[in-house]
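In what follows, a single structure is set out as structure tokens and then discussed.
Fair warning: this is a prediction, and the values are worked out from it, not measured in the lab.
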Amino acid sequence: MKVEIVDYQSDWKTLFEEEKSIIREIIEKNEVLIAHIGSTSVENLSAKPIIDILLVVNDLAQLDNARTEFEKIGYEYMGEFGLPGRRYMRKGGDTRTHQIHAYQFDSISEIQRHLSFRDYLRENKEIANEYAELKKALAQKYSTDIEGYCDGKDLFIKNHEALALKKHWKTYQN
């Protein structure tokens with residue numbers, strides 16, 4: 001898979017909303033939340049042109065039962081894919097367009113991690129710009145090595161996820 005970082009595209013919001021409607025039809029009453037996450041959800045942030053979707057459901061077993069429906073709309077249903085309690089789906093093969101990170105409603109730490117990091121980047125333009133520059137440099141260095149690219153982002157993400165989560169918990173202070 002080629003690692004490519006592109007400038008922010010305003011149609012990413014629309015692509016998310018369109019996919020959200022399709023997903024909603026499949027999962028029906030199992031839905032708790034369908035949220036746009038990842039770099040494509042942060043205005044003006046350069047990103048790999050892949051729409052990341054956080055799907056929170058009442059019951060993962062019901063989601064697993066809908067596997068065929070997701071496959072009919074082009075998703076590869078990958079199961080946990082290395083993260084217990086998650087269901088991962090990707091669409092588009094080597095030219096991936098969407099990926100879903102699905103959790104049951106009580107996987108609070110994973111759900112909050114995704115949402116807090118997204119919101120942190122939305123609120124901190126300087127950090128978002130720093131992240132964009134890092135991703136561009138890594139994409140150039142690891143243009144055909146997705147693992148090298150991801151490893152290069154890991155420390156930045158972990159450090160800023162921690163700050164984002166701490167900021168989130170401060171919202172509960174009296």
* To do: Give every residue pair that meets the salt bridge (charged side-chain N to carboxylate O under 4.0 Å, His left out) criterion with at least one member in residues 54-65, sequence neighbours excluded.
  => Asp64-Arg87
* To do: Compare all side-chain heavy atoms of Tyr75 with those of Ile100 and state whether any distance is below 4.5 angstrom.
  => yes
* **Audit row: Leu63, Leu55, side chain to side chain contact (heavy atoms under 4.5 Å, CB included) steps and yes/no** => CA-CA 10 Å; Leu63 184 67; Leu55 175 58; 3.9 Å; yes
* Using the side chain to side chain contact (heavy atoms under 4.5 Å, CB included) rule, take Asp119 and Glu123 through it: C-alpha gap first, then chi angles, then the decisive distance, then the call. => CA-CA 6 Å; Asp119 293 348; Glu123 295 165 4; 4.2 Å; yes
* Is the distance between the ring centroids of Trp12 and Tyr8 under 6.0 Å? -> yes
* To do: Verify the ring-centre separation between Tyr142 and Tyr149: is it less than 6.0 angstrom?
  => no
Name every donor-acceptor pair, under 3.5 Å, that has one atom in a side chain of residues 154-161 and the other anywhere in the protein, sequence neighbours excluded.
{"residue": "Asp154", "atom": "OD2", "partner": "Lys158", "partner atom": "NZ", "Å": "3.1"}
{"residue": "Asn159", "atom": "ND2", "partner": "Leu155", "partner atom": "O", "Å": "3.3"}
{"residue": "His160", "atom": "ND1", "partner": "Tyr120", "partner atom": "OH", "Å": "3.1"}
{"residue": "Glu161", "atom": "OE2", "partner": "Arg113", "partner atom": "NH1", "Å": "3.0"}

* Decide, yes or no, whether a salt bridge links Glu31 with Arg24 under the criterion of side-chain N to carboxylate O below 4.0 Å. => yes
* Under the side-chain hydrogen bond (donor to acceptor under 3.5 Å, both in side chains) criterion, do Asp52 and His101 qualify, and how do the steps go? -> CA-CA 7 Å; Asp52 280 291; His101 310 268; 2.9 Å; yes
* Keeping to residues at least two apart or across chains, list the salt bridge (charged side-chain N to carboxylate O under 4.0 Å, His left out) pairs with something in residues 94-106. => none
* Can you check whether Val32 reaches Tyr103 side chain to side chain, under 4.5 Å on heavy atoms? -> no
* Only counting residues at least two apart or in another chain, list the ones meeting ring pair (Phe, Tyr, Trp, His ring centres under 6.0 Å) with Phe105. => none
* Hey, are the side chains of Ile34 and Leu54 touching, using non-hydrogen atoms and a 4.5 Å cut-off? -> no
* Cationic N near anionic O, under 4.0 Å, Glu76 to Arg90 -> yes
* **Min side-chain heavy-atom separation Tyr131-Leu121 under 4.5 Å** => yes
* Glu71 side chain to Tyr77 side chain, donor-acceptor N/O pair below 3.5 angstrom -> no
* Return each pair, listed once, that meets salt bridge (charged side-chain N to carboxylate O under 4.0 Å, His left out) where at least one residue sits in residues 135-145; pairs must be two or more places apart or across chains. => Glu133-Lys136
* **Pairs meeting criterion salt bridge (charged side-chain N to carboxylate O under 4.0 Å, His left out) with involvement of residues 10-20, two or more places apart** => Lys13-Glu43, Glu19-Lys91
